[in-house]
**Student:** 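Sharing a structure with you now.
Excluded from the calculations below are hydrogen atoms, water molecules and symmetry mates; all remaining heavy atoms, backbone and side chain alike, are included.
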Amino acid sequence: MHSEAQLGKPPQERAPASPGSFWPEGWWKIVETRIGVIPLPVYIVLIISIGGFIALGKMPTEMSVVLSIMAVVAYTLVEIGRRTPVLRNIGGAAILVTFVPAFLVYKGWLPEQLVKPVVDFFKSTNIMYMSIACIIVGSIFGMDRSALIKGFLKILVPLASGTVVGAIVGTAVGSALGLGAFNSLFFIVVPIMAGGVGEGAIPLALGYSDILHQPQGDLLVRALPAVMVGNLSAILFAGMLAFIGRKFPHLTGNGRIQPGEHDEMDAHSEGMPANMDLTHIAAAGITAISFYVLGLLCYQLFGAPAPVVMIIGAAVVKLTHAVSPKLQEGSYVIYKFFTGVVALPVLFAFSAALLSWEKLLEGFAIPNLVTIVATVFAIMTTGFVVARWVKLYPIDAAVVNLTHSGMGGAGDIAILSACDRMQLMPFAQIATRIGGAIVVVVALFSMGRMI
């Protein structure tokens, strides 16, 4: 027991507890043991509470409960991924959070009353894009101004090269395995690089339907396995690139795209900037949201993808010195919060809500699997090689090329999480949105000329 005088002092000024005493120092050690970011006692309380709701058959649908479910399941999978040998070296946490929930839903091992509130919340709030907005704005505001434009222009070279080489390699491998050049190109290679499901596979299926005079649903089913397995391949390759980067540090900028670039805020720092005022964090949060809202308006008016509008807007604001130092510091904190805390629970919700395990299995037919992996590997390798020609870090350029094989925003988060390079999100969105849109347009034009 502490005396009354001791209890009035800060913890660091109190007399140490007697040897063998558990309270409070021993308890504090337990509290600082965490499952992901959740203190162990809080984790246990949440498990008991959620289990109790399931047993009663009365799962609340309010946001606090849904966020608790997302955090508990996601960070449980994160801990498993980080502690499993081999898997932990190749982005195991991101792999498990992205794909295991879809498997659990498919098998019925996650209770419906637990899954439904998460699915409804994810679809109604569109929290995925708010997360991407905060990551994009925070990472751009922290970039070196002199390197910002050069980085965006330079990355187009390995990205375009990877697209061409990936198309050639994927079509050749698929043809050699008996899938046919037409099927390999338009139903495996193109969907991989089309930018995901909503922005890629669905517009492709609609266009294919008009050209081939076949039901859109049937064509979408043919394209989806390539999208999903391509994303899984990209996550695995990203984890491998991170491992190579640790062995050969001269090949990577650890999230910086080019040598000589210095982030104005260090994205790998664990601490908050000194003298941080909460109002600066709030200002940065609403600033990021405002870019997203503007992006949505531009999409409604002109059809311009909201993430691309966010990137352009944030870059212009940054380059014109319109970002004050305080706002930049606040954006850094918002960026760290969303990359370190929010991204993985959001991936869990995406997997439970939208990822089809059945479609994923279809992509594991050997000819399809080999063709998909060869395509993604060619895209990545080309980015790695070409990056040297334009003086970019090979590993980081290859990671951006891998996001060209991702499932839209969720794919970008999973791929970048697997290699701990979330600050590449602006470049990843260029690869996914602009690169994907170009692939869709070129594919539909080419098919129309061939038929």
Side-chain angles (χ1 to χ4, degrees), residues 94 128-129 132-133 135-136 139-140 143 148-167 170 189-201 203-204 226-227 230-235 237-238 241 253 255-258 295 304-312 314-315 372 375-387 390 392-419 421-443:
M128 174 70 72
Y129 284 105
I132 291 173
I135 293 170
I136 286 175
S139 56
I140 288 180
M143 283 185 182
L148 182 57
I149 291 297
K150 291 180 181 179
F152 277 118
L153 293 176
K154 285 183 178 181
I155 198 62
L156 297 178
V157 179
L159 180 60
S161 303
T163 302
V164 173
V165 174
V189 174
V190 168
I192 289 172
M193 301 187 291
V197 179
E199 296 87 353
L204 273 178
V227 178
N231 191 82
L232 173 58
S233 302
I235 295 171
F237 283 137
L241 286 172
R256 297 185 180 94
I257 201 69
Q258 55 190 329
V308 175
V309 174
M310 285 190 284
I311 293 170
I312 295 173
I372 292 168
T375 302
V376 176
F377 183 78
I379 294 170
M380 175 191 70
T381 306
T382 304
F384 187 97
V385 173
V386 173
V390 290
L392 298 178
Y393 282 116
I395 286 178
D396 301 273
V399 168
V400 173
N401 268 26
L402 283 175
T403 61
H404 195 26
S405 309
M407 293 178 61
D412 289 344
I413 290 177
I415 293 165
L416 298 180
S417 294
C419 57
R421 283 164 173 78
M422 197 71 80
Q423 59 267 48
L424 292 174
M425 180 61 79
F427 301 103
Q429 287 287 293
I430 292 291
T432 303
R433 306 298 177 182
I434 296 180
I438 292 173
V439 167
V440 169
V441 171
V442 172

**Student:** Over all heavy atoms of both residues, which pair between L159 and A431 is shortest? Give the atoms and the distance, please.
**Tutor:** CD2-CA, 3.7 Å
**Student:** Rounded to the nearest 0.5 Å, what separates atom CD1 in I311 from atom CD1 in I132?
**Tutor:**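 Answer rounded to 0.5 Å: 9.5 Å.
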**Student:** For the CZ atom of F384 and the CZ atom of F377, what is their distance to the nearest 0.5 Å?
**Tutor:**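 One finds 10.5 Å between CZ of F384 and CZ of F377.
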**Student:** Between A234 and S405, what is the shortest heavy-atom contact and its length?
**Tutor:**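 Looking at all heavy atoms of both residues, the closest pair is CB-CB, 4.2 Å.
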**Student:** Ignoring hydrogens and geometry, is there a side-chain-to-backbone donor-acceptor pair from D412 to M425 under 3.5 Å?
**Tutor:**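 Side chain of D412 to backbone of M425: no pair is present.
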**Student:** Counting C-beta onward and ignoring hydrogens, is there a side-chain heavy-atom pair between F152 and P426 closer than 4.5 Å?
**Tutor:** yes
**Student:** Show me the pairs that pass side-chain hydrogen bond (donor to acceptor under 3.5 Å, both in side chains) and involve residues 375-386, at least two apart or across chains.
**Tutor:** none
**Student:** Which heavy atom in G230 sits nearest to a heavy atom in V376, and how many Å separate them?
**Tutor:**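 Of all heavy-atom pairs spanning G230 and V376, the closest is O-CG2, 3.9 Å.
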**Student:** Quick one, M422 and S139 - any side-chain contact, counting heavy atoms below 4.5 Å?
**Tutor:**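 No, too far: nothing below the 4.5 Å cut-off.
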**Student:** Indicate yes or no: does R421 engage D396 in a salt bridge with an N to O separation below 4.0 Å.
**Tutor:** yes
**Student:** Return the minimal non-hydrogen interatomic distance between Y393 and R256, and the atom names on each side.
**Tutor:** CD1-O, 3.3 Å
**Student:** Any side-chain to backbone donor/acceptor pair from N401 onto I379? Under 3.5 Å, distance only.
**Tutor:** yes
**Student:** Looking at every non-hydrogen atom in both residues, tell me the closest pair between P394 and A387 and how far apart they are.
**Tutor:** CA-CB, 3.8 Å
**Student:** Mind checking the CG-OG1 spacing from N231 to T403? Nearest 0.5 Å is all I need.
**Tutor:** 10.5 Å
**Student:** Knowing that exactly one of I430, T432, I192, V439 qualifies, which makes a side-chain contact (heavy atoms from CB on, under 4.5 Å) with H404?
**Tutor:**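 Of I430, T432, I192, V439, side-chain contact (heavy atoms from CB on, under 4.5 Å) with H404 is met by V439 alone.
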**Student:** Which residue, L416, I235, I415, forms the side-chain contact (heavy atoms from CB on, under 4.5 Å) with L402?
**Tutor:**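 The single option meeting the side-chain contact (heavy atoms from CB on, under 4.5 Å) with L402 is I415.
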**Student:** What are the two closest heavy atoms between L241 and A398, and how far apart are they?
**Tutor:** CD1-CB, 3.8 Å
**Student:** Under 4.5 Å between any side-chain heavy atoms of I413 and M128, yes or no?
**Tutor:**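 They are in side-chain contact.
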